[in-house]
*Asks:* 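The structure that follows is given in the form of structure tokens.
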Amino acid sequence: MKRCPHCHSPITQPDRKTCPVCGNPLSGPAGAARRRLPPWVPVVLLSVVAVVVVYFALHKPAALPAHVQLPAEVTPEATAFTLDEADRFYLDNLPTNITFTLTADGVELPHGTSDTGRYYMARSALTRTDTLLRVVSPEGDGYRTALALVSKPSNENAAFGTFVPCKADGYAKPDEEYLDAMLTVYYRAYLRAANTGDPDELRYVTDLHRQSLSEGIESGATGAVTFTLDKSDMVCDTAHIDYGDNTVTVNAAASYEAVNDTTNAVETATDYYTIQAVWQNGMWLVDRSWMIAEGDYAEGKFGNQ
């Protein structure tokens with residue numbers, strides 16, 4: 001009987017070219033054919049593959065609903081805000097090493113920190129007079145807020161006032177000092193709008209009140225005079241303040257100086273108003289105003305009540 005020249009196994013089929021046991025050719029060198037694997041190797045390989053398949057099946061990520069979006073990973077590099085010195089507007093009187101959000105007239109803005117620890121924002125964000133800056137910082141289980149009023153875009157920095165407790169959106173009951181400053185800005189902006197005939201000059205007003213004031217400004221109902229802005233002011237009656245749910249109502253004395261456009265005569269007067277402001281879009285905005293008599297102002301009576 002013919003035998004394999006390599007493993008000496010018997011060859012029962014005379015026409016075979018390779019050995020059925022070792023796989024070597026029945027003629028030629030032994031290294032020419034592939035070597036047979038031990039019979040236990042395929043079993044082990046199949047077991048490993050099965051384990052891998054089961055593992056990934058069990059650890060497959062759960063599919064999220066289409067409307068659910070995972071937040072992007074936030075890194076220090078992604079949140080860094082760096083500006084050249086000439087482009088910085090500094091925010092002073094704030095404690096060092098605090099976390100806060102910054103808004104300008106209710107619009108959130110990015111901010112950075114200098115090498116010396118001073119906070120700053122982009123100067124280019126200041127495009128109008130009397131811009132109200134607000135910071136809201138976490139404190140314990142709540143929040144605190146501080147304000148700064150930038151009278152001119154050319155100012156070098158803003159000095160923030162004292163922090164007071166607030167809600168997450170910055171809401172805090174406006175005190176007497178804040179109301180007085182708000183009314184000054186509101187009134188002078190109204191007089192500026194009257195001088196230019198441009199309702200876009202109005203500041204710190206709701207859309208409803210803007211529409212009401214715009215009609216008189218565009219029609220020239222304010223008269224043929226030019227108001228002297230630095231000699232005109234609206235002062236809050238701090239003795240009579242009515243706080244409501246996200247509203248505050250006060251009386252105010254509005255004094256002005258104006259030059260008659262026809263005679264050039266200087267005119268002065270004082271008008272009295274009831275002003276109602278509402279908390280809206282992260283700001284206190286004047287929503288309504290009613291002219292009242294001087295006697296009602298003196299007695300602390302509100303108009304349209």
*Asks:* Could you tell me whether the side chain of Arg203 and the main chain of Asp130 form a donor-acceptor pair under 3.5 Å?
*Replies:* yes
*Asks:* Looking only at atom types and distance, does a side-chain atom of Ser114 sit under 3.5 Å from a main-chain N or O of Arg118, one as donor and one as acceptor?
*Replies:* yes
*Asks:* Calculate, to the nearest 0.5 Å, the distance between atoms OH and CD1 belonging to Tyr273 and Ile292 respectively.
*Replies:*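 The distance works out to 10.5 Å.
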*Asks:* Verify, without hydrogens or angle tests, whether Asp242 (side chain) and Thr249 (backbone) share a donor-acceptor contact under 3.5 angstrom.
*Replies:*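 No, the answer is negative, given that no donor and acceptor are paired below the 3.5 Å cut-off.
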*Asks:* Start with the C-alpha distance between Tyr178 and Leu147, add both sets of side-chain angles, then the distance that settles side chain to side chain contact (heavy atoms under 4.5 Å, CB included), and finish with yes or no.
*Replies:* CA-CA 9 Å; Tyr178 176 83; Leu147 301 170; 3.3 Å; yes
*Asks:* Which heavy atom of Thr82 sits nearest to which heavy atom of Tyr120, and what is that distance?
*Replies:*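 For Thr82 versus Tyr120, the nearest heavy atoms are CA-OH, 3.4 Å.
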*Asks:* Verify salt bridge (Lys or Arg N to Asp or Glu O under 4.0 Å) between Glu85 and Arg123, making sure each step is shown before the conclusion.
*Replies:* CA-CA 10 Å; Glu85 184 65 31; Arg123 177 171 294 279; over 6 Å; no
*Asks:* Crowded around Glu218 CD? As in, over 12 foreign heavy atoms under 6.0 Å?
*Replies:* yes
*Asks:* Counting distance only, does the side-chain N/O of Arg88 pair as donor-acceptor with the main-chain N or O of Leu83 below 3.5 Å?
*Replies:* yes
*Asks:* Would Gln276 and Val286 satisfy side chain to side chain contact (heavy atoms under 4.5 Å, CB included), going step by step from the backbone distance to the final call?
*Replies:* CA-CA 6 Å; Gln276 186 176 74; Val286 176; over 6 Å; no
*Asks:* Kindly give the heavy-atom pair with the smallest separation between Ala254 and Met234, and that separation in Å.
*Replies:*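 In this case the closest contact between Ala254 and Met234 is CB-CE, 3.7 Å.
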*Asks:* Run the ring-ring contact (aromatic ring centres under 6.0 Å, His included) test on His240 and Phe302 for me, step by step, so that the C-alpha distance in whole Å, both residues' side-chain angles and the decisive distance to 0.1 Å come before the verdict.
*Replies:* CA-CA 9 Å; His240 304 93; Phe302 296 131; 7.4 Å; no
*Asks:* Is the shortest heavy-atom distance from the side chain of Arg192 to the side chain of Thr129 under 4.5 Å?
*Replies:* yes
*Asks:* Do Leu91 and Met121 make a side-chain contact, defined as non-hydrogen atoms from C-beta onward lying under 4.5 Å apart?
*Replies:*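 SC-SC contact between Leu91 and Met121 confirmed.
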*Asks:* Do you know the tightest heavy-atom contact between His209 and Ser289?
*Replies:* CE1-OG, 3.4 Å
*Asks:* Tell me whether Thr274 contacts the main-chain N or O of Gly303 through its side chain, where contact means a donor paired with an acceptor under 3.5 Å.
*Replies:* yes
*Asks:* Could you check whether any side-chain N or O of Asp105 sits under 3.5 Å from a backbone N or O of Leu132, counting only pairs where one atom can act as donor and the other as acceptor?
*Replies:*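 Side chain of Asp105 to backbone of Leu132: a pair is present.
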*Asks:* Could you tell me whether the side chain of Tyr272 reaches within less than 4.5 Å of the side chain of Asn251, counting heavy atoms only?
*Replies:*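 Contact flag for Asn251/Tyr272 side chains = no.
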*Asks:* When you compare the side chain of Glu267 with that of Val259, does any pair of heavy atoms fall below 4.5 Å?
*Replies:* no
*Asks:* Would you please classify the geometry between the Trp284 ring and the Trp279 ring as parallel, tilted or perpendicular, with 30° and 60° separating the classes?
*Replies:* perpendicular
*Asks:* What residues, two or more places apart in sequence or in another chain, satisfy side-chain contact (heavy atoms from CB on, under 4.5 Å) together with Arg188?
*Replies:* Thr184, Asp233
*Asks:* Would the distance check show the side chain of Tyr243 and the main-chain N or O of Pro174 forming a donor-acceptor pair, the cut-off being under 3.5 Å?
*Replies:* yes
*Asks:* In terms of hydrophobic clusters joined by side-chain contacts under 4.5 Å, are Phe160 and Leu126 together?
*Replies:*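 Linked, Phe160 and Leu126 end up in one cluster.
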*Asks:* Would the distance check show the side chain of Asn195 and the main-chain N or O of Phe227 forming a donor-acceptor pair, the cut-off being under 3.5 Å?
*Replies:* yes
*Asks:* To the nearest 0.5 Å, tell me how far Asp287 CG sits from Thr247 OG1.
*Replies:*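 So the CG of Asp287 and the OG1 of Thr247 are separated by 9.5 Å.
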*Asks:* Would you give the length of the straight line joining atom CG of Leu213 to atom OH of Tyr186, rounded to the nearest 0.5 angstrom?
*Replies:* 5.0 Å
*Asks:* For Glu294, is the CD atom crowded, meaning more than 12 foreign heavy atoms sit under 6.0 Å from it?
*Replies:* no
*Asks:* Is the backbone N or O of Thr263 less than 3.5 Å from a side-chain atom of Asn260, with the two atoms forming a donor-acceptor pair by type?
*Replies:* yes
*Asks:* Mind listing the closest non-hydrogen atom pair of Ser219 and Glu215 along with its distance?
*Replies:* OG-O, 2.9 Å
*Asks:* Leu109 versus Thr103: any side-chain heavy-atom pair under 4.5 Å?
*Replies:* no
*Asks:* Hey, does the Lys NZ or Arg CZ of Arg144 hover above the aromatic six-ring of Phe163, less than 6.0 Å from the centre and inside 45° of the axis?
*Replies:*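 Yes, a cation-pi geometry.
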*Asks:* Just so I know, are the side chains of Val250 and Thr238 near enough to count as touching, which here means a heavy-atom distance under 4.5 Å?
*Replies:* no
*Asks:* So, using side-chain contact (heavy atoms from CB on, under 4.5 Å) as the criterion, who are the partners of Ser214 when residues are at least two apart?
*Replies:*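 For Ser214, the residues satisfying side-chain contact (heavy atoms from CB on, under 4.5 Å) (neighbours in sequence not counted) are Pro199, Leu202, Arg210.
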*Asks:* For the residue pair Arg128 and Thr131, what are the closest heavy atoms and their distance?
*Replies:*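 Taking Arg128 first and Thr131 second, the nearest heavy atoms are O-OG1, 3.1 Å.
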*Asks:* So do Leu229 and Ser232 actually touch side chain to side chain, heavy atoms under 4.5 Å?
*Replies:* no
*Asks:* Show the numbers, then the answer: is there a side chain to side chain donor-acceptor pair (under 3.5 Å) between Ser124 and Asp87?
*Replies:* CA-CA 7 Å; Ser124 58; Asp87 299 326; over 6 Å; no
*Asks:* Out of curiosity, Phe81 CZ to His111 NE2, how far, rounded to the nearest 0.5 Å?
*Replies:* 9.5 Å
*Asks:* Measure from NZ or CZ of Lys231 to the centre of the six-membered ring of Tyr256 and say whether it is under 6.0 Å with the direction within 45° of the ring axis.
*Replies:* no
*Asks:* Could you measure the distance from the CG atom of Leu285 to the OG1 atom of Thr206? Nearest 0.5 Å is fine.
*Replies:* 6.5 Å
*Asks:* Ignoring hydrogens and angles, tell me if any N or O in the side chain of Thr113 forms a donor-acceptor pair with the backbone of Tyr119 under 3.5 Å.
*Replies:*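 Not at all, since once roles are kept as given, no pair shorter than 3.5 Å links the two residues.
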*Asks:* For Pro138 and Thr99, which heavy atoms make the closest approach, and how far apart are they?
*Replies:*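 Here Pro138 and Thr99 meet closest at CD-O, 3.1 Å.
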*Asks:* Within a strict 4.5 Å, meaning less than it, do heavy atoms of the Glu108 and Leu102 side chains meet?
*Replies:* no
*Asks:* To the nearest 0.5 Å, how far apart are SG in Cys236 and CG in Leu179?
*Replies:*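 If we round to the nearest 0.5 Å, Cys236:SG and Leu179:CG are 5.0 Å apart.
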